[in-house]
Amino acid sequence: IYEQDRGLVRFGSGFFTIKQERVTFEDGFYGLKRSNARFDIVLLFASNPTTGEVNRFFTREFFNIVHKHLRRGGTFEFALTFSENYLTNEEKFLLSSIHKTASSVFPSVIIVPYFSTYIFLCFPEEVDVDGLVYRVRENFHRIDGRTRFFSAAGIDYILDRTRIAEVKNLIVPSPINSIAAPVAYLFGILEWERLSGGAILRPAVRLRPNTLIAGLILLSILALILGRLISGKTFRAFWAIFLLGLSGISFELLLLYLFQSSFGSLYWLVGLLSSGFMVGLVIGNRLFTKLGLKLHGILLSLVLATIILVL
């Protein structure tokens, strides 16, 4: 068991038997990556990928790590949570993106709808879906009455072939989710925006990345030209501060995502990153107060360098 939160393990011990010697208090992504062990079953308990930290566990990179640690005949299981009877377009894209990502790594991927949960079963080799469903149902019928959470009748409903086949109709064309291109993270944010009544990101998503980058470059060039053409030191300083602030904040948000994707939890590191950003503002303000317009060319270079780094 890989888990970073010791409190969560203590809480879970009240409901399940957890052997403390088998718990590793470490980020699951890197813990499994460094491990040499192989497993019959790998279970992922995580919420939907609505943050950069959680999104890592639904990427092709993590699926490849899991695939390397599965024995032949093993299973990788995880789930996404949606409404029981209706999926929005954002939820369909999210479900489809994760399905395509898993299918790019595992030869066989089955989605089993269980009320509001969609359970993914991933296998490192080709499997006979009908035969697998039949064997699972037969096994549950054989031990009916001795299980704590399921009954044979419930398993018959969950593993109904018609329900499993209907899930395939929800799959729509969508890109693969990865750390460098976190499309599932984006769909999760869009779903939160839809629930909150916002409509800021939705138009931008329709634009291609090249279009967005070209627009940012054009806006930066236009701002620099206006700063040159319009006289007045105050106006030029305003545009310089505007461009530097915009690109600086964008760069900081990008760093936050990269930190979250690399280290998982940001509760400690975000303070260090924000403090470093504020220290840079103080130092820069002090330098320009002392040297004034002598650093005008350096300021322009910093603006362009920051914009290039963000892009």
Side-chain angles (χ1 to χ4, degrees), residues 1-5 8 26-33 42-67 69-70 75-84 86-106 109-122 167 170-196 198 200-202 204-206 209 253-267 269-270:
I1 300 175
Y2 292 99
E3 175 56 52
Q4 291 180 297
D5 192 342
L8 183 61
E26 185 182 11
D27 178 71
F29 188 100
Y30 290 102
L32 187 61
K33 185 177 182 178
V42 175
L43 299 176
L44 171 63
F45 294 97
S47 60
N48 287 6
T50 53
T51 67
E53 177 185 4
V54 178
N55 182 71
R56 299 176 304 148
F57 297 101
F58 296 90
T59 59
R60 182 162 52 183
E61 290 88 346
F62 182 70
F63 290 166
N64 276 318
I65 293 173
V66 173
H67 187 275
H69 287 80
L70 275 179
T75 310
F76 172 46
E77 302 178 21
F78 63 92
L80 296 173
T81 304
F82 303 117
S83 58
E84 183 175 354
Y86 175 77
L87 266 67
T88 64
N89 290 332
E90 291 79 11
E91 290 172 337
K92 288 181 181 179
F93 275 115
L94 175 57
L95 180 74
S96 303
S97 176
I98 300 301
H99 178 265
K100 184 174 182 179
T101 304
S103 299
S104 69
V105 177
F106 298 95
V109 178
I110 305 172
I111 304 178
V112 179
Y114 176 64
F115 297 101
S116 60
T117 302
Y118 290 76
I119 303 171
F120 284 70
L121 304 177
C122 307
V167 177
L170 300 174
I171 303 300
V172 297
S174 58
I176 290 176
N177 186 43
S178 65
I179 292 179
V183 292
Y185 182 20
L186 174 62
F187 293 141
I189 294 176
L190 288 176
E191 178 61 14
W192 275 108
E193 185 185 55
R194 185 190 67 83
L195 293 173
S196 62
I200 298 176
L201 291 176
R202 204 174 305 275
V205 170
R206 296 190 179 97
L253 291 175
L254 178 61
L255 281 180
L256 286 174
Y257 171 73
L258 292 176
F259 265 66
Q260 201 173 40
S261 298
S262 300
F263 301 104
S265 176
L266 268 179
Y267 294 113
L269 295 174
V270 70

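The two atoms that bring S178 and N55 nearest to each other are O-ND2, 4.0 Å, heavy atoms only. The shortest heavy-atom contact between N177 and A184 is OD1-N, 3.1 Å. Between P49 and L80, the shortest heavy-atom contact is CD-CD2, 3.9 Å. Minimum interatomic distance between I171 and S96 (heavy atoms only, all atoms of both residues): CA-OG, 3.3 Å.
Every residue meeting the side chain to side chain donor-acceptor pair (under 3.5 Å) condition with T59, not counting sequence neighbours, appears here in chain and number order: E61. Scanning for ring pair (Phe, Tyr, Trp, His ring centres under 6.0 Å) contacts around H99 gives an empty result, with sequence neighbours left out. For S104, the side-chain contact (heavy atoms from CB on, under 4.5 Å) partners are R60, I176, not counting sequence neighbours. In terms of the side-chain contact (heavy atoms from CB on, under 4.5 Å) criterion, residue partners of F45 (sequence neighbours excluded) are, by chain and number, L43. Listed by chain and residue number, F58, F63, F76, F120 satisfy the ring pair (Phe, Tyr, Trp, His ring centres under 6.0 Å) test with F78 (two or more places apart in sequence, or in another chain). Every residue meeting the side-chain contact (heavy atoms from CB on, under 4.5 Å) condition with F93, not counting sequence neighbours, appears here in chain and number order: V172, S174, F187. By the side-chain contact (heavy atoms from CB on, under 4.5 Å) test, L87 is found to be paired with F82, E91, K92, L95, Y118, L170, residues two or more places apart in sequence or in another chain being considered.
At least one donor-acceptor pair closer than 3.5 Å links the side chain of N48 to the backbone N or O of T81.
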